[in-house]
Every structure is written in C-alpha cells, then in structure tokens.
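Beneath this line is the structure, given in structure tokens, with notes to follow.
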Amino acid sequence: MSIIKTHNITLYGSTGEYEIIMRPLSDEHLPFLYKWNADPEVLYWTEGGEDIERSYEADTVHAIYGGVSQNALCFLIEVDGEAIGECWLQNMNLVNVKAMYPETTDVRRIDMAIGEKTMWGKGIGTAVVRMLVEYAFNGEHVEVLHCFNEDYNPRARRVWEKLGFSLVLSEELPQPQKGKLQHHFRLTRKEFIERNGI
C-alpha cells in the first residue's frame, strides 16, 4: 500500500529565469523527502517549535506526508528538471481557524519547503506559491486561503504580502520556541478576482 496518496494534477510555471513543474508527489519521491527532512537547516525554516537541530527519520516522514496527503494535493517542485522541494494545498486542518469561517466555507492552506539550499533566494518560493494560489482559486474554486508564518521567518511573510494576502491575526506562541508570534494571512476568492481583474 502506498504511503503518499497521490493525484493526477501537474502545474507549470516560471520565475522568468527558471522553469517550474509541480508534479504529483508520490512514494517514488520519498528519497528526496528523506534527504530534505533530515537537514536541520531546512527544517529550521519549515517547522516551528524549540528544537533548532531537528532531523526527521523515515517513520516521521511517512507519518507527515502519509497523513497530510489524505486531505491535500501534495506536489514535488522541479526546477529545470531537478527536484528541489515540495508543497501542498491542504484542506484546513486547524479547528481554531475553521471556527473563524462559516461551516460550509472551503478554507485551504498552503505549505511549501525548498529542500535544496542552493535554490534559496531565487524567487522560486514566491513563484510556487503564486502557482498554488492560482490553481486553488481557478482550478479548485477555493473560497479562502488561510496561511501561516512565524515571526522568525520574514521571507515567508514577504511571500504572502507580495501575493496579496492580508495579515488577519498575530497570536503569541507558547515559549520557549524559535518564534514569539504566529502570523495568520488570508486571501479570499473575491480579493483574488479583484486583484487580478478576472
């Protein structure tokens, strides 16, 4: 039986300099996930909590991606033919966030990690999130994207702001851990349509 529940959606995009293909994440990509999730420097930027020397074993990787993929579209990010990271468009899984919206609202979140550190700072993260935002609203007809970053990661915050998300909540995180605040960013379908003149 497969660990990762896959799908049949492939997305194509570009930074202008780099060609990006987002392929359905599947078990054949586990070697990449093992590598990236064993790197404390990658996990520092993608995982909250106190432990800055975190490294995940295979069982934890299976639990994360096997669990998330049940309620998300998970993708492998390829740049110019090389696997460099992963991302997902997930049905909102946090009870406190779901409670902020009417019960029938389709609320999703985007999570993304670039595992190949040589590709950091090249605009790829912004391009990938833009591709997911466009697919969420145009392909999945999502009503609300509600996404997160902690205050120790200003690069992630700039991505949300650049793409038209609004800061709707900052909440204190229990200490001790890396972040002091978790920021909530939101973009609605209506705002996306207005912003893009659709």
Original post:
Would you call Glu140-Arg108 a salt bridge at under 4.0 Å N-O?
Top reply: yes
**OP:** Quick one: do Ile124 and Thr15 satisfy side chain to side chain contact (heavy atoms under 4.5 Å, CB included)? Show the steps, please.
**Re:** CA-CA 6 Å; Ile124 293 164; Thr15 64; 4.1 Å; yes
**OP:** Could you tell me whether the side chains of Asn149 and Arg155 share a donor-acceptor contact shorter than 3.5 Å?
**Re:** no
Original post:
Hey, are the side chains of Val129 and Trp160 touching, using non-hydrogen atoms and a 4.5 Å cut-off?
Top reply: yes
Original post:
Out of Phe185, Phe192, Phe137, which one pairs with Leu145 under the side-chain contact (heavy atoms from CB on, under 4.5 Å) rule?
Top reply: Phe137
Original post:
Going through the checks in order, is the salt bridge (charged side-chain N to carboxylate O under 4.0 Å, His left out) test met by Glu150 and Lys178?
Top reply: CA-CA 9 Å; Glu150 293 185 11; Lys178 291 176 294 193; over 6 Å; no
Subject >> Arg23 and Glu78 ion-paired at < 4.0 Å >> reply: yes
**OP:** Enter the distance from Leu132:CG to Gln90:CD here, rounded to the nearest 0.5 Å.
**Re:** 12.0 Å
**OP:** Consider only side-chain heavy atoms of I, L, V, M, F, W and Y, link residues closer than 4.5 Å, and tell whether Phe75 and Met119 are in one cluster.
**Re:** yes
Original post:
Does Gly123 offer a backbone N or O that forms a donor-acceptor pair with the side chain of Thr126 under 3.5 Å?
Top reply: no
Original post:
How far apart are the C-alpha atoms of Lys180 and Leu173, what are their side-chain angles, what is the distance that settles it, and do they pass the side chain to side chain contact (heavy atoms under 4.5 Å, CB included) test?
Top reply: CA-CA 5 Å; Lys180 302 282 187 283; Leu173 292 165; over 6 Å; no
Original post:
Is the shortest side-chain N to carboxylate O distance from Asp106 to Arg189 below 4.0 Å?
Top reply: no
Subject >> Same apolar cluster (I L V M F W Y, side chains within < 4.5 Å links), Val168/Val107 >> reply: no
Subject >> Full working for side chain to side chain donor-acceptor pair (under 3.5 Å) between Arg109 and Asn91 >> reply: CA-CA 6 Å; Arg109 60 183 286 178; Asn91 294 334; over 6 Å; no
**OP:** Check the pair Val68 / Trp88 against side chain to side chain contact (heavy atoms under 4.5 Å, CB included), numbers first and verdict last.
**Re:** CA-CA 9 Å; Val68 167; Trp88 60 65; 3.6 Å; yes
Subject >> In one Ile/Leu/Val/Met/Phe/Trp/Tyr side-chain cluster, 4.5 Å: Leu73, Leu11 >> reply: yes
Original post:
For the side chain of Ser2 and the backbone of Lys5, is there at least one donor-acceptor N/O pair under 3.5 Å apart?
Top reply: no
Original post:
Looking at CE of Met100 and OG1 of Thr105, how far apart are the two atoms once the value is rounded to the nearest 0.5 Å?
Top reply: 11.5 Å
Original post:
Does a side-chain heavy-atom distance below 4.5 Å link Leu25 with Leu33?
Top reply: yes
Original post:
Do Asn37 and Val42 have side chains that get closer than 4.5 Å, going by heavy atoms?
Top reply: no
Original post:
Quick one: are Ile114 and Trp36 in side-chain contact, heavy atoms under 4.5 Å?
Top reply: no
**OP:** Quick one: pull up NZ in Lys162 and CZ in Arg157 and give me the separation to the nearest 0.5 Å.
**Re:** 14.0 Å
**OP:** Could you tell me whether Tyr44 and Tyr152 have their ring centroids closer than 6.0 angstrom?
**Re:** yes
Original post:
What are the two closest non-hydrogen atoms of Pro24 and His7, and how far apart are they?
Top reply: CB-O, 3.4 Å
**OP:** Calculate, to the nearest 0.5 Å, the distance between atoms OH and CD1 belonging to Tyr12 and Ile20 respectively.
**Re:** 13.5 Å
Original post:
Between Leu167 and Leu169, is there a shared hydrophobic cluster once you connect ILVMFWY residues whose side-chain heavy atoms come closer than 4.5 Å?
Top reply: no
**OP:** Using distance alone, with no hydrogens and no angle criterion, decide if Asn153 and Trp45 have a side-chain donor and acceptor under 3.5 Å apart.
**Re:** no
Original post:
Do Thr6 and Ser69 have side-chain heavy atoms sitting under 4.5 Å apart?
Top reply: no
Subject >> Reported CD1-to-OG1 distance for the pair Ile21 and Thr10, which is rounded to 0.5 angstrom >> reply: 8.0 Å
**OP:** Report yes if the side chains of Phe165 and Val133 come closer than 4.5 Å at any heavy-atom pair, otherwise no.
**Re:** yes
**OP:** Show the numbers, then the answer: is there a ring pair (Phe, Tyr, Trp, His ring centres under 6.0 Å) between Tyr65 and His29?
**Re:** CA-CA 11 Å; Tyr65 295 92; His29 303 131; over 10 Å; no
Original post:
At what distance, to the nearest 0.5 angstrom, does SG of Cys147 lie from CE of Met112?
Top reply: 10.5 Å
Subject >> Other residues, nucleotides, ligands: >12 heavy atoms within 6.0 Å of Glu57 CD >> reply: no
**OP:** Apply the test side chain to side chain contact (heavy atoms under 4.5 Å, CB included) to residues Leu30 and Ile4: give CA-CA distance (whole Å), side-chain angles for both, the deciding distance (0.1 Å), then the verdict.
**Re:** CA-CA 9 Å; Leu30 283 167; Ile4 298 170; 4.0 Å; yes
Original post:
If you look at every heavy atom in Glu143 and Thr104, which pair is closest and at what distance?
Top reply: OE2-O, 3.7 Å
**OP:** Would you mind listing every side chain to side chain donor-acceptor pair (under 3.5 Å) that reaches into residues 165-175, with sequence neighbours excluded?
**Re:** Ser170-His183, Glu171-His184
**OP:** Kindly work out whether a path of hydrophobic side-chain contacts (I/L/V/M/F/W/Y, heavy atoms less than 4.5 Å apart) joins Val144 to Ile193.
**Re:** no
**OP:** Show your working on side chain to side chain donor-acceptor pair (under 3.5 Å) between Arg186 and Tyr101 and close with a plain yes or no.
**Re:** CA-CA 12 Å; Arg186 176 171 64 210; Tyr101 302 98; 3.3 Å; yes
Original post:
With side chains defined as the heavy atoms from C-beta onward, is the minimum distance between Val97 and Phe148 less than 4.5 Å?
Top reply: yes
Original post:
Can you tell me if Glu161 uses its side chain to pair, donor with acceptor, with the backbone of Arg158 under 3.5 Å?
Top reply: no
**OP:** Return yes if some donor-acceptor pair links the side-chain N/O of Asp151 with the main-chain N/O of Gly179 below 3.5 Å, else return no.
**Re:** no
Original post:
Can you tell me if Ser14 uses its side chain to pair, donor with acceptor, with the backbone of Gly16 under 3.5 Å?
Top reply: yes
